[in-house]
Structures are given as structure tokens and as C-alpha cells.
Amino acid sequence: MDFAHFIGGQWVADSDVTTNRNPANQDDIIGTYARGGAGRVDEAVAAAMAALDDWAHASPQIRHDVLEKAGALIVQRKDELGRLLAREEGKTIAEAVGETVRAAQVFKFFAGEALRNTGDAVASVRPGVEVTIEREPVGVIGLITPWNFPIAIPAWKMAPALAFGNTVVMKPAELTPGCAWELANILEQAGCPAGVFNLVMGPGSQVGARIVEHPDIAAVSFTGSVATGRRVAVDCAANGKKVQLEMGGKNPMVVVDDADLDVAVGAALNGAFFSTGQRCTASSRLIVTKGVHDAFLDRLTAAAADLVVGDPLDAKTQIGPVVDQSQMDQNMRYLTLASEEGCDVRGGGLGNGNGFFMHPAIFAGATNAMRVSREEIFGPMASIIKVDDYDEALAVANDTEFGLSSGICTTSLKLASHFRRHAKAGMVMVNLPTAGVDYHVPFGGRKGSSYGPREQGSYAREFYTTVKTSYIAP
Ligand code: NAD
């Protein structure tokens, strides 16, 4: 089946297409998706500009109702959409249905936020003058999304953008256009007016680059790699656009001597390997104090070897495939590098079948100076770094160019509380995996992981609105 762009309320086909294949079975073709270029972005921006004034000034009840309906439609179709997600991205069916439900919750949350866009009234220093401070839409917003959460990340950008009265041009990752296409379809069914939401699919170098440079796009929200994100930020600054970036991570999870080992091993397995390690919040550095190091390593090695790698649509599968050949090649280069750098590599073999299957790998004996401990790998691999004590663990945890999520497993309230205050990260997890967050609270990091205001929860308003201060004399 062919899937078209969604521009100005119309489905617009392109002669050029991208074939969307299942990473678990390269013979399974999900569909062919239109592959646009700069011209399609220009058409979409024109449609979004034309729709902006009416949408920006529409009753918040109308915006609420569209988002609420979209959330309800996603829930109704969660199994079918979850299956599509598992087929196009490769995460397990349980994770994929969970992510789909998350997208619905995000739409419903921001339906409510449309009604909660409050302002302030302040007494002026000048007698008789009234001062009000209101939040207005920013304008046409460009959204650029990655492949690893192909329904949740588009949802958590689209929903607040629309809730606060902006219009949108969205470009999904080339590897996963299917879920984004379904969201466009759902918004149309939910009664979103023509031009308010536009979907243009195609390569980042053309569609993404045009979104970043288009003079009528007021703001860009980007999630993806550090290299692309930094370029987007520079180009946005040069073009005078507001910009928000969510990028990579090299997230530490500290395990100290007093940790409950069942909790620590469970958190490490989930954090490092679930979703095939393809999460920006993955626990890719496991920093373990010496008293518990050997026991933790043995138990984690055994538990990782037992994880079932295979077809994401099989309910028994715990780890689906790597997303594509190029990510697989990169994973294999890091496996080789780990050995070259002196790690004792445990696991990491290839799986069977016509897909990109790989067993989880543990890099025992790693140090924090090694490249495998400093660079984001984005695969089912984790360094185990042995340290003397909690103080060294904290220092190693913070010694990274990233700062997205940071965790500790401990039964000590004193250490948990100290870690929470001293971790240099946007999110801190105690006795939990570094991955796995709530949808109604801010998401984002520090240092090289993020730039600009936070996403999600009530904090999303900061990026998707602009402040107007008004003075009225009687
Ligand atoms: P990527 O940077 O390759 O691509 C992200 C998006 O940018 C895609 O839609 C791509 O087409 C587009 N793009 C590429 N070149 C562009 C250009 N020149 N101008 C504008 N857009 C361009 O990232 P990816 O491989 O799709 O995703 C994996 C990365 O995403 C990882 O580094 C991961 O850590 C990160 N990620 C971060 C978060 C977070 O919230 N911090 C969440 C998920 C993923």
C-alpha cells in the first residue's frame, strides 16, 4: 500500500517513495511512503500559515475536543497500532502497545492543558494601569522526530503544539513513517481543521533541513542524535527560530554495596537491554562498588543470557531486532572496540532469522575513560565499571558529556538523597531503571543531552507559547 503526505487537509502522493521494511523480517514490507523534498515543506508551511490565525484564536474547547478524540481513537486502535509499531521499529509487542497507549495519554493530557492556559494579572507601578501577562501561540512549529519512539515522541510534540494554538509541519524519521502517518490519519478523523497539522515524509537532509531554514517556521522541536541536533540548533539560531533539542545519553546506573541485588539486576536488565538498548535513557554505564561487583556481574551475565531475542510479535520475545543494517554495523564495531579496549565481552552474538537480531552484551572490566563508556552506542550493550565506594561512583556517574537520566540502586535513604541532589542529570531514578518515565511531568536533560525548555507535562507550555505583557489604562 502507498502512503501519502498530509498537507492542507489533503493526502498528497509523491513519485519518489521509501519502502518501509520490518527489521525482524526484511521480506515483510509494511508499505511504501511518499518521499518529499523542500518543495513539499514549502507547500505544508503555506497550508500551516493559512490555518494559523483561526486555530490560534479558536476556543480552547475546540482544541481540547480534537485532542481528546485523537487520544480516544488511539486507545481504540491500540493493538493494531502497537503491531504496526513493532513491525516497523522492532520493539516487542508489549512495549509497542504500551508506547501506543502512552501516545493516547499524552493527547488526553494536552487536551486538558488547552483549557488550563492561564495567565497573570499584576498591579502596575503606575496608578490606574492594569498589567496582564498571557501566553500566546508561537506560530507554525516544525517537528523533527527520531525512529526509536515512533508514536510517543511525535505525540508528545504534536499534542502540546496543537493544544496551545500553533499549527504544525512534522517530519518523522525515514525508518519509521508508518506510526506518524497513522497519527495524521487519526487527527483528520478527530476533526482537526485542514492545514493545522501537516505531515511531510522524506530525508532529513532535504525535508528536515528545509523545516529548519524556512522563514515562516517560528520554532523547531527536534529529537535525535547529538550531531544532527547541534546542526539544527546552529541553523535555527542563524534563522532566528526558537529551538528545543532532545539528544543522546550515556546514562549511569550506580549500584552500591547495600543495594537489593534483585532490584539492581532487574533495573539493569530493563534499563540496558529492553527496547534493544535503543533508548536515549538506556542504562549504558553500570557503575558498581567493589563489595557487590562480582555478585552483580555474575547475576547480570546469567540473566542477560536468558533474555529471549526474536520476533517482536511473539509474546515470549523480550528483545526485538536492532532497527536496521547500519545500526547493526555500528553495534558490531562497538563490540570489537570493547575487546580492543580491554573489556571482557560477555554475550553479543548474532541471533537467527532474516532480521537484525543481536544478543545483549556486557562489557565487564570497563573503565569510564574507554570510548565504549563515553560514546552513545544505542544498542543492547552496557559497560560495567568497578569503583571503590559511593563517592567514586558519583564522580564517575557525573563524568560524561551527557546528562539525561542518572540512577542509583541503594537501600540507604542517606545515599539516595545525596545522589538525587548531586547527580548532574535532568532526571534521577532511585531503585528504578534509568529509562521509563511518566507522561505528566517534565522530560529532558542537561549538558550535551538537551537544549532549550523541557518537554512534556505542564512544562511543555514554555516552548509552545510566547509571552505577551499588556498594559491598559482606563
Ligand atoms: P538522527 O539525528 O539521525 O535523526 C533525527 C531526525 O532528524 C530524523 O527525522 C532525521 O531525518 C532528521 N534529520 C537528519 N538530518 C537532518 C538535518 N540536516 N536537518 C534536519 N533534520 C535532520 O537520530 P535517529 O537516528 O533518528 O535517532 C536516534 C537518536 O535519537 C539517538 O542519538 C538518541 O539518543 C536520540 N533520542 C533522544 C531522545 C531524547 O529525548 N533525549 C529520545 C529518543 C531518541
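Here, residue 1 is the first one in the sequence, and each next residue gets the next number. One-based numbering, in listed order, for ligands and for the atoms of each.
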Start with the C-alpha distance between Asp235 and Lys241, add both sets of side-chain angles, then the distance that settles salt bridge (Lys or Arg N to Asp or Glu O under 4.0 Å), and finish with yes or no.
CA-CA 9 Å; Asp235 293 347; Lys241 293 186 192 340; over 6 Å; no
Aromatic Phe149 / basic Lys91 pairing, under 6.0 angstrom, 45° off normal:
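Flagged: Lys91 positioned over aromatic ring of Phe149.
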Select one of side chain, backbone, both or neither to describe which atoms of Leu404 lie under 4.0 Å from any atom of ligand 1, heavy atoms only.
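Looking at Leu404 and ligand 1, just side chain atoms fall under 4.0 Å.
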Hey, is Ile153 touching ligand 1 through its side chain, its backbone, both or neither, going by heavy atoms under 4.0 Å?
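Only the side chain of Ile153 comes within reach of ligand 1.
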Validation row: [X], [Y] side chains within 4.5 angstrom (heavy atoms):
{"X": "Leu350", "Y": "Met328", "answer": "yes"}
{"X": "Arg63", "Y": "Phe110", "answer": "no"}
{"X": "Thr223", "Y": "Thr145", "answer": "no"}

Top protein contact for [atom], by heavy-atom distance:
{"atom": "atom 11 (O) of ligand 1", "result": "Lys171 NZ, 2.9 Å"}
{"atom": "atom 25 (O) of ligand 1", "result": "Trp147 NE1, 2.9 Å"}
{"atom": "atom 12 (C) of ligand 1", "result": "Ile144 CG2, 3.6 Å"}
{"atom": "atom 39 (C) of ligand 1", "result": "Cys280 SG, 3.2 Å"}
{"atom": "atom 20 (C) of ligand 1", "result": "Gly208 C, 3.3 Å"}
{"atom": "atom 35 (C) of ligand 1", "result": "Gly224 O, 3.1 Å"}
{"atom": "atom 13 (N) of ligand 1", "result": "Gly204 CA, 3.5 Å"}
{"atom": "atom 23 (O) of ligand 1", "result": "Ser225 N, 3.3 Å"}

Show the atoms of ligand 1 that are less than 4.0 angstrom away from any heavy atom in [X].
{"X": "Ala173", "value": "9 (O)"}
{"X": "Phe222", "value": "2 (O), 5 (C), 6 (C), 7 (O)"}
{"X": "Thr145", "value": "6 (C), 8 (C), 9 (O)"}
{"X": "Ala209", "value": "19 (N), 20 (C)"}
{"X": "Glu246", "value": "37 (C), 39 (C), 40 (O), 41 (N)"}
{"X": "Thr223", "value": "5 (C), 36 (N), 37 (C), 38 (C), 39 (C), 40 (O), 42 (C), 43 (C), 44 (C)"}
{"X": "Asn148", "value": "43 (C), 44 (C)"}

Purely on distance, is any nitrogen or oxygen of Thr228 under 3.5 Å from one on ligand 1?
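Yes, at least one N or O pair falls under 3.5 Å.
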If we only count N/O pairs under 3.5 Å, is Glu376 in contact with ligand 1?
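So ligand 1 has an N or O lying under 3.5 Å from an N or O of Glu376.
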Between [Y] and [X], is there a salt bridge with N-O shorter than 4.0 Å?
{"X": "Glu174", "Y": "Arg35", "value": "yes"}
{"X": "Glu80", "Y": "Arg83", "value": "no"}
{"X": "Arg116", "Y": "Glu113", "value": "yes"}
{"X": "Arg21", "Y": "Asp324", "value": "no"}

Knowing that exactly one of Gln244, Glu455, Glu246 qualifies, which makes a side chain to side chain donor-acceptor pair (under 3.5 Å) with Ser450?
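The option that passes is Glu246.
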Tell me whether the centres of the aromatic rings in Trp147 and Phe378 are closer together than 6.0 Å.
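That pair passes the under 6.0 Å test.
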After noting the C-alpha distance and the side-chain angles of Val372 and Met381, does the key distance pass the side chain to side chain contact (heavy atoms under 4.5 Å, CB included) rule?
CA-CA 9 Å; Val372 290; Met381 287 166 265; over 6 Å; no
Between Leu183 and Phe107, does the side chain to side chain contact (heavy atoms under 4.5 Å, CB included) criterion hold? Intermediate values first, please.
CA-CA 11 Å; Leu183 288 177; Phe107 273 100; 4.1 Å; yes
Could you check whether any heavy atom of Met247 sits closer than 4.0 Å to an atom of ligand 1, since that is the contact criterion I want to use?
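Contact check Met247 vs ligand 1: positive.
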Closest to atom 18 (N) of ligand 1 (judged by heavy-atom distance), picking from Arg231, Glu455, Gln278
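Checking each option, the heavy atom nearest atom 18 (N) of ligand 1 is found in Arg231.
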Pick, from Pro146, Pro150, Ser205, Gly142, the option with the minimum heavy-atom distance to atom 27 (O) of ligand 1.
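Considering heavy atoms of Pro146, Pro150, Ser205, Gly142, the nearest to atom 27 (O) of ligand 1 sits in Pro146.
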